[in-house]
Amino acid sequence: MDDPIPLSALQHFVFCPRQYALIHIEQVWTENEQTARGRGQHERAHGGGSEERDGVRTLRALPLVSREHGLFGVADVVELLPDGSPRPVEYKSGRAKSRLADEVQLCAQALCLEEMFSGSIPGGYIYHVASRKRREVTFTPELRAAVLAARDGIRELLRSRRLPEPAADDRCQLCSLYDECEPFAPRDFPAGYDPFETRPIP
Ligand code: SF4
């Protein structure tokens with residue numbers, strides 16, 4: 001049986017497979033201002049405990065697991081509606097990640113909650129800390145399939161132990177691993193080029 005995949009890994013992989021590999025396989029992590037702010041906000045959201053307001057119970061730092069889908073992690077916030085059904089809420093400090101990375105992470109939480117609470121969850125929320133606004137995300141069949149595709153992609157990468165090629169596009173500008181990744185550095189010497197050959201100084 002394959003090892004379960006952490007929910008945070010799905011987000012990194014969907015955003016950029018190389019970022020996933022650098023963080024989760026090569027254990028490279030660099031903190032910048034944005035990640036430090038995000039970590040502080042996650043730690044506050046992950047402070048644990050619960051509260052109730054207007055019939056909605058808010059659970060913080062809820063451990064999640066899906067044996068069926070091979071996923072595990074911790075939800076920032078899960079709201080229990082008056083009928084007892086759960087809705088995941090993921091806190092984000094930075095700009096929305098491209099390629100539905102945040103949505104895939106949120107939907108993966110829902111897959112875990114559906115198994116844990118034995119029910120269907122139609123949607124959840126991403127809460128943007130900077131604007132203090134939440135936006136609704138519908139868990140469509142396509143988004144659910146994207147979660148499982150990312151999980152399978154991660155497993156394939158773990159088997160291959162291969163560091164993916166850099167994305168080298170607009171994703172890199174705000175990436176906290178830019179310096180370690182060197183996405184725009186030349187990687188191959190031209191044919192016939194010997195880097196150790198002694199050359200006259202022009
Ligand atoms: S710098 Fe670009 S290629 Fe490298 S990990 Fe970040 S997003 Fe991926």
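Please read these numbers as outputs of a predicted model, since none were measured by experiment.
Of the possible polar contacts, one joining the Arg171 side chain to the Phe15 backbone as a donor-acceptor pair under 3.5 Å is found. The backbone N or O of Ser50 sits nowhere less than 3.5 Å from a side-chain atom of Arg57 that would complete a donor-acceptor pair. The main-chain N or O of Arg162 is found under 3.5 Å from a side-chain atom of Ser160 such that the two form a donor-acceptor pair.
The environment of Arg67 atom CZ is sparse: at most 12 non-hydrogen atoms of other residues, nucleotides or ligands sit within 6.0 angstrom. Heavy atoms of other residues, nucleotides or ligands lying less than 6.0 angstrom from CZ of Arg134 number more than 12. In the displayed structure, Arg53 atom CZ is contacted under 6.0 Å by at most 12 heavy atoms of other residues, nucleotides or ligands. The number of heavy-atom neighbours closer than 6.0 Å to CD of Glu26, taken from other residues, nucleotides and ligands shown, is above 12.
In the hydrophobic clustering of ILVMFWY residues, with side-chain heavy atoms under 4.5 Å counting as a link, Val65 and Leu10 come out apart. Cluster membership for Leu111 and Phe117, using ILVMFWY side-chain heavy atoms within less than 4.5 angstrom, is shared. In the hydrophobic cluster analysis, where Ile, Leu, Val, Met, Phe, Trp and Tyr join through side-chain heavy atoms closer than 4.5 angstrom, Leu148 is grouped together with Leu64.
Across all non-hydrogen atoms, the minimal contact from Ala168 to Pro183 is CB-O, 3.7 Å. Here the closest heavy-atom approach between residue Gln19 and residue Cys175 is recorded as NE2-SG, 3.6 Å. Heavy-atom minimum distance, Ala21 versus Leu157: CB-CD2, 4.3 Å.
Every side chain to side chain contact (heavy atoms under 4.5 Å, CB included) that Phe139 has, sequence neighbours left out, goes to Pro88, Leu106, Cys107, Ala110, Ile121, Val137, Leu143, Arg144. Partners of Arg161 by side chain to side chain contact (heavy atoms under 4.5 Å, CB included), not counting sequence neighbours, listed by chain and number: Ile25, Leu158. Partners of Asp152 under the side-chain hydrogen bond (donor to acceptor under 3.5 Å, both in side chains) rule, at least two apart in sequence or in another chain, do not exist in this structure. Every side chain to side chain contact (heavy atoms under 4.5 Å, CB included) that Ser85 has, sequence neighbours left out, goes to Leu81, Asp83, Arg87. For the side-chain hydrogen bond (donor to acceptor under 3.5 Å, both in side chains) test, no residue two or more places apart in sequence or in another chain qualifies with His69. Judged as a side chain to side chain contact (heavy atoms under 4.5 Å, CB included), and not counting sequence neighbours, the contacts of Pro4 are Phe72.
Of the inter-residue distances, the one linking Leu59 atom CG with Asp76 atom CG reads 12.5 Å to the nearest 0.5 angstrom. To the nearest 0.5 angstrom, Arg155 atom CZ is 4.0 Å from Asp2 atom CG. Here CG of Leu71 is found 6.5 Å from CZ of Arg151. Values are rounded to the nearest 0.5 Å. Expressed to the nearest 0.5 Å, how far CG of Leu113 lies from OG of Ser118 amounts to 11.5 Å. For the atom pair Glu114 CD and Gln109 CD, the distance stands at 12.0 Å (nearest 0.5 Å). Note that CD1 of Ile23 is 4.0 Å distant from NE2 of His12, once rounded to the nearest 0.5 Å.
Checking each of Leu62, Thr58, Val89 against Val78 for a side-chain contact (heavy atoms from CB on, under 4.5 Å) leaves exactly one that passes, namely Leu62.
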Given Phe13 and His24, is the side chain to side chain contact (heavy atoms under 4.5 Å, CB included) satisfied, shown in steps? CA-CA 10 Å; Phe13 181 85; His24 296 269; over 6 Å; no

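Of the N and O atoms on the side chains of Glu115 and Ser66, at least one donor lies less than 3.5 Å from an acceptor on the other residue.
Side-chain atoms of Lys92 and Gln11, non-hydrogen and from C-beta on, do get closer than 4.5 Å to each other. Within the 4.5 Å cutoff, no side-chain heavy atoms of Thr138 are placed close to those of Pro122.
Ring orientation note: the planes of Tyr178 and Phe184 are tilted relative to one another, at an angle of 30° to 60°.
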